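Have a look at the structure below before the remarks.
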Number of protein chains: 2
Amino acid sequence: MTKRENKREEIRKAAVEVIATHGYYAATTDKMAQAAGVAVGTIYNYFSNKEEILEYIFRVEVEKRFRYYDALSNQKIPVLEKLRLLLTRHFDEIQQEPAVGQVMVRERYAPLDRQLSGIQEFIQGVPTRIQKLLDEAVKNGEIRPCDTLIAATALWGSVEAVVSRALTESDDDKQKAILAKAADSLIELYCRGLKKTD
Amino acid sequence: MTKRENKREEIRKAAVEVIATHGYYAATTDKMAQAAGVAVGTIYNYFSNKEEILEYIFRVEVEKRFRYYDALSNQKIPVLEKLRLLLTRHFDEIQQEPAVGQVMVRERYAPLDRQLSGIQEFIQGVPTRIQKLLDEAVKNGEIRPCDTLIAATALWGSVEAVVSRALTESDDDKQKAILAKAADSLIELYCRGLKKTD
DNA sequence: GGTCGGTGAATGAGGCCTCACTCACATTCC
DNA sequence: GGAATGTGAGTGAGGCCTCATTCACCGACC
């Protein structure tokens with residue numbers, strides 16, 4: 001990583017913290033600069049404006065997830081197992097960087113007017129890929145035929161809600177407990193449903 | 001409804017439209033005033049500040065849902081049926097006032113620093129009530145024992161995601177189609193799960 | 001090895017603009 | 001005619017971004 005990329009990374013991390021605690025709009029460039037230990041002007045040597053910072057934050061996460069998805073899609077394991085791995089990885093990452101999780105669930109819609117492509121890709125891209133997996137699973141008979149658009153949307157919505165819920169938990173151990181078993185709980189929920197099997 | 005309440009209501013409706021299209025932060029008081037056909041100053045005769053408008057918007061919706069929940073909880077029907085009715089009603093209301101739906105899914109977290117109680121009640125209150133229903137259903141054997149906190153959080157997360165997805169649909173008929181069958185699709189998804197019943 | 005000029009990252013005060021909110025006055029209502 | 005309601009230009013606080021300047025570093029040259 002070049003020196004330049006390094007500094008960009010430092011600013012990104014600082015911005016994540018500030019946005020996570022104050023929200024995008026209250027996260028002033030002053031606060032970000034202070035958190036990164038640089039002057040305001042320095043930020044503008046690495047990003048063209050405040051929005052680009054938010055976009056970059058999302059882009060980094062999107063790419064992480066897409067890479068993992070791609071690696072997974074070639075493997076010869078049941079689709080539901082792929083799904084479980086995908087969610088597990090996601091919750092793991094949130095656990096390691098809770099602030100990133102905060103930003104992702106909170107700022108998905110942030111600057112409405114000029115929609116940022118990094119955020120767009122995240123909102124649409126991840127559920128779309130889940131839908132692809134579900135379609136595949138329907139085709140090979142692993143799951144029953146159903147409206148995969150609704151199912152994929154619902155599944156990812158659950159994930160975000162659980163992340164959001166976990167992160168409002170002030171007790172650190174409880175937070176970790178929720179995140180740790182979240183993937184398995186959700187997969188079980190979506191596989192078996194709620195009804196008693198009789 | 002008194003004349004005063006009437007005007008407050010008009011301003012609320014106008015604000016909903018403006019916030020739905022621009023997002024809370026870009027929704028200036030000027031735009032709201034214009035949309036309501038009044039002067040900026042008038043708004044401040046009915047609301048003490050901009051945040052209170054957003055809070056009021058949420059409060060109106062929360063109370064609608066709580067009233068329906070209360071009416072439902074006394075009835076002698078299966079819990080899962082209550083849940084279905086609750087969701088059906090919710091999606092119906094969104095269909096009739098899509099802008100309100102936009103605001104609810106987008107602005108849940110809006111002004112982070114000083115959390116607005118109307119919004120808080122919505123974020124926490126609705127899932128909490130769903131969890132109560134699930135607990136009841138577990139107790140009377142209607143559904144299998146499970147982590148009802150996760151299940152309730154997930155269920156409501158799915159609802160919000162589907163609403164959000166439907167509202168990004170520009171084709172009006174498609175939007176209605178999604179919303180119309182959303183409640184049943186979700187209930188079925190959560191009851192039967194995805195797996196093939198063999 | 002000491003001097004010197006070139007380079008570009010870093011700085012932060014302030015320009016400029018936006019927007020929530022006010023208030024002195026006008027209008028309407030009863 | 002007095003109370004209630006409406007008005008919208010004005011105010012000032014606050015925040016994004018700029019840019020003239022600084023300065024640490026480095027290679028060139030004597």
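Small disclaimer: the values here were computed from a predicted structure and weren't measured. Convention: sequence-line order gives letters A, B, ...; per-chain numbering from 1.
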List the atom pairs, with distances to 0.1 Å, where a side-chain N or O of residues 86-99 of chain B and a protein N or O form a donor-acceptor pair under 3.5 Å, not counting sequence neighbours.
residue : atom : partner : partner atom : Å
B:Thr88 : OG1  : B:Arg84 : O            : 2.7
B:His90 : ND1  : B:Arg65 : NE           : 3.0
B:His90 : ND1  : B:Arg65 : NH2          : 3.2

- Note on the structure: Rounded to whole Å, the CD1-C1' distance (A:Ile53 to D:dC16) equals 11 Å
- Query: Mind checking whether B:Tyr25 and A:Tyr25 have parallel, tilted or perpendicular rings, split at 30° and 60°?
  - Reply: parallel
- Note on the structure: residues 117-138 of chain A vs salt bridge (Lys or Arg N to Asp or Glu O under 4.0 Å), sequence neighbours excluded, gives A:Arg59-A:Glu121, A:Lys82-A:Glu136
- Message: Of the listed nucleotides (C:dT11, D:dG8, C:dA10), which one gets closest to any side-chain atom of A:Lys7?
- Response: C:dA10
Side-chain donor/acceptor pairs under 3.5 Å, residues 171-179 of chain A, sequence neighbours excluded:
residue  : atom : partner  : partner atom : Å
A:Asp171 : OD1  : A:Asp173 : N            : 2.9
A:Gln175 : NE2  : A:Glu169 : O            : 3.3

Could you give the side-chain donor-acceptor pairs of residues 8-16 of chain B under 3.5 Å, partners two or more places apart or in another chain?
residue : atom : partner : partner atom : Å
B:Arg8  : NH1  : B:Tyr46 : O            : 2.6
B:Glu9  : OE1  : B:Arg12 : NH1          : 3.1
B:Glu9  : OE2  : B:Arg12 : NH1          : 2.2

- Can you check each nucleotide of nucleotides 18-30 of chain C against protein heavy atoms at under 4.0 Å and return B for base, S for sugar-phosphate only, - for none, in 5' to 3' order? -SBBB--------
- Please report, rounded to the nearest Å, how far the C1' atom of D:dG6 is from the CE atom of B:Met32. 19 Å
- Separation of D:dG15 C1' from A:Gln34 CD (nearest whole Å): 15 Å
- A:Phe47 near the nucleic acid: base, sugar-phosphate alone, or nothing, with a heavy-atom cut-off under 4.0 Å? nothing
- Item | Spacing of A:His22 atom NE2 relative to D:dG14 atom P, expressed in whole Å | 15 Å
- Please give, in whole Å, the distance from C:dG8 P to A:Tyr46 OH? 13 Å
- Task: Could you tell me which residues satisfy side-chain contact (heavy atoms from CB on, under 4.5 Å) with A:Asp70, sequence neighbours excluded, listed by chain and number?
- Result: none
